[in-house]
Amino acid sequence: MTLLFPFLLIWQAVGAPPAKVTASVRRIFGAEATTSPLAAGTDTVLRVARADTLLGFALVRAVKGKDQPITFLVAIDTADRLKDIDILVYREPYGGEVAYEAWRRQFRGKSAQDTLEVGRQIRSISGATISVNAVTLGVRRALQDLTTWHKNGAIK
Amino acid sequence: MSSALRSLTVSAVVCLLSTISPRHVTAQESTTLGGYGEIHYTNRSGRNTPAEVNLRRFVVYLAHTFDERLTFRSELEVEDAKVEGGSAGGEVALEQAFLDYRFSNTLTLRTGLVLIPVGIINETHEPPSFNGVDRPAFDNDVIPTTWREIGVGIVGALPIAEGLSYRLYVVNGLVASGFSDAEGIREGRQEGRNASFANPSLTGRVEWVRPGLRVGGSFWYGGTTAGDTLLGTGTFKVPVSLISADARYDRGALSLRGVVATIGVSDADSINALYGTAVGNRITGGYVEGAYNVLTFLAPRSKQRLNAFVRHERYDTQADVPAGTTRDRQFARRVTTVGLTYKPLFNVAFKGDYEVRRTAAGGGVGAVETLRFGIGYQF
């Protein structure tokens with residue numbers, strides 16, 4: 001029961017169904033990954049571990065697309081490198097291509113020092129420019145926040 | 001960890017109890033207001049053609065999200081600034097007004113006044129999204145933008161491979177009596193106003209997307225009698241069939257795009273005999289455009305864009321004519337446009353271009369050069 005609470009918090013805050021968060025964490029960190037919640041600022045960070053080994057952290061947030069929120073997850077490893085992102089809920093009629101693996105994989109291995117910018121490190125998708133810019137900005141901020149919290153011990 | 005979890009659990013319980021109605025991002029009912037528009041300065045070559053300025057489009061975008069599954073979207077447009085009784089010109093029109101019911105990523109049911117999913121400009125026409133003050137001439141005379149009709153359909157991702165998506169609609173048909181030699185099927189659109197549903201027509205599109213690349217293929221098929229029994233009876237009588245392909249490619253400072261389309265009007269002879277027109281039974285053409293963001297070497301750190309572009313269009317609204325109709329070569333057009341698009345922000349564009357128009361008729365028939373400036377915005 002208590003295990004469900006962090007997911008309900010995340011659901012409340014950014015509209016990510018618990019099942020999707022769980023599936024995303026398992027996809028990125030492996031089937032044996034377990035999560036526990038950590039409060040950081042106003043966010044709930046998921047600490048991801050396998051048995052006693054820390055694997056990394058995941059943060060779920062939402063950014064505004066053309067007129068709807070896009071709910072996404074950003075996962076980092078213990079060295080603060082971005083492991084992967086997931087688009088958990090997409091609600092617009094156009095621009096859903098940001099969920100494609102071919103686009104998402106550009107973020108892998110990036111760190112907070114990388115200036116993630118559309119047209120430079122991140123290639124755009126014609127016809128999905130608003131979503132591409134929104135998600136890229138959201139990921140950049142999430143990566144910076146996770147890195148800061150991890151470095152100053154707010155999450156460990 | 002366990003104490004952290006315990007305190008979080010307590011706060012979570014308090015939080016959940018204090019908000020009886022959850023404030024999910026997902027469940028929020030919301031209304032969105034947006035818009036786009038463009039103002040043009042146009043100066044055509046030749047005597048007695050003074051320059052003209054025009055508030056070409058002013059569009060209000062209004063959308064409402066009822067819940068996670070049901071959304072409404074609309075665009076209300078004023079063309080040429082005003083409409084006044086007794087004087088020609090100007091238009092107030094709905095460009096889109098439809099309801100979406102989302103079942104899943106692969107299936108959304110869409111009904112209402114929808115944009116026909118053909119080519120590039122018809123569905124994506126916000127002025128900062130394309131180079132050139134005016135839309136390509138091809139997107140007026142061959143693909144009749146902004147083409148919208150009333151119907152019902154499905155849209156979504158195609159689960160067979162990542163990057164594939166589709167749209168498929170059944171909408172009201174075109175009306176043959178509006179077809180012309182110069183503008184093909186353009187004035188055959190009904191645009192949602194007391195539209196005849198005598199010829200339900202099929203239209204659809206499949207798209208494949210990779211980072212930097214979007215490729216699409218579209219079609220339209222349907223009858224055009226609109227209940228005029230002199231032209232024929234039957235849903236698919238006097239059919240128009242359209243096939244189109246398009247591609248957009250972006251890499252760093254470079255962007256390329258191109259569209260080709262071919263339209264068959266198989267009973268153009270009957271149309272011409274009945275309405276006294278000279279409609280071609282084949283309308284065909286396309287364009288290619290290349291643009292380069294020159295700020296990447298003028299000001300490499302800048303996030304603004306200054307696109308230098310060139311576009312070449314070739315199309316013929318009488319690529320083939322039925323027996324009994326004389327082919328007029330002035331409808332075989334070649335349009336070359338060079339210009340600049342300055343975008344200080346993604347949503348705002350200042351444009352200037354020079355267009356050279358020639359026809360296959362020779363002797364200067366249809367030869368026009370045009371200088372244009374324009375501003376465009378969206379939000």
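Please read all numbers here as calculations on a predicted model, not as lab measurements. In what follows, every chain begins at residue 1, and chains take the letters A, B, ... in the order their sequences are listed.
At a 4.5 Å heavy-atom cutoff, R305(B) makes no contact with chain A through either its backbone or its side chain. Both the backbone and the side chain of E92(A) come within contact range of chain B, judged by heavy atoms closer than 4.5 Å. Contacts between R69(B) and chain A at a heavy-atom distance below 4.5 Å are absent for every atom of the residue. For L164(B), the part lying under 4.5 angstrom from a heavy atom of chain A is the backbone only. Contacts between P128(B) and chain A at a heavy-atom distance below 4.5 Å are absent for every atom of the residue. Heavy atoms closer than 4.5 Å to chain A are found nowhere in V155(B), neither backbone nor side chain.
Your options are R102(B), E123(B), E207(B), and the one with the most heavy-atom pairs under 4.5 Å with chain A is R102(B). The candidate from R73(B), R210(B), R110(B) with the greatest count of non-hydrogen atom pairs under 4.5 Å with chain A is R73(B).
Residue R26(A) places its CZ atom among 12 or fewer non-hydrogen atoms of other residues, nucleotides or ligands, all under 6.0 Å distant. Other residues, nucleotides and ligands place no more than 12 heavy atoms under 6.0 Å from the CZ atom of R251(B). Residue-environment remark: CZ (R120(A)) exceeds the threshold of 12 foreign heavy atoms within 6.0 Å. For R81(A), the CZ atom is loosely surrounded, since the number of other residues' heavy atoms within 6.0 Å does not exceed 12.
For the atom pair T129(A) OG1 and F346(B) CZ, the distance stands at 4.0 Å (nearest 0.5 Å). Put simply, OG1 on T65(B) and CZ on R91(A) are 9.5 Å apart, with the number rounded to the nearest 0.5 Å. Residue I130(A) holds its CD1 atom at 5.5 Å from CD of Q378(B), rounded to the nearest 0.5 Å.
Judged by distance alone, the side chains of D250(B) and S126(A) do bring a donor and an acceptor atom under 3.5 Å apart.
At a threshold of 4.0 Å, the pair R214(B)-E97(A) counts as salt-bridged, since one of the basic side-chain nitrogens sits closer than that to a carboxylate oxygen.
Shortest non-hydrogen contact noted between Y100(A) and S165(B) is OH-CB, 4.5 Å. In terms of heavy atoms, A102(A) sits closest to P211(B) at O-CG, 3.3 Å.
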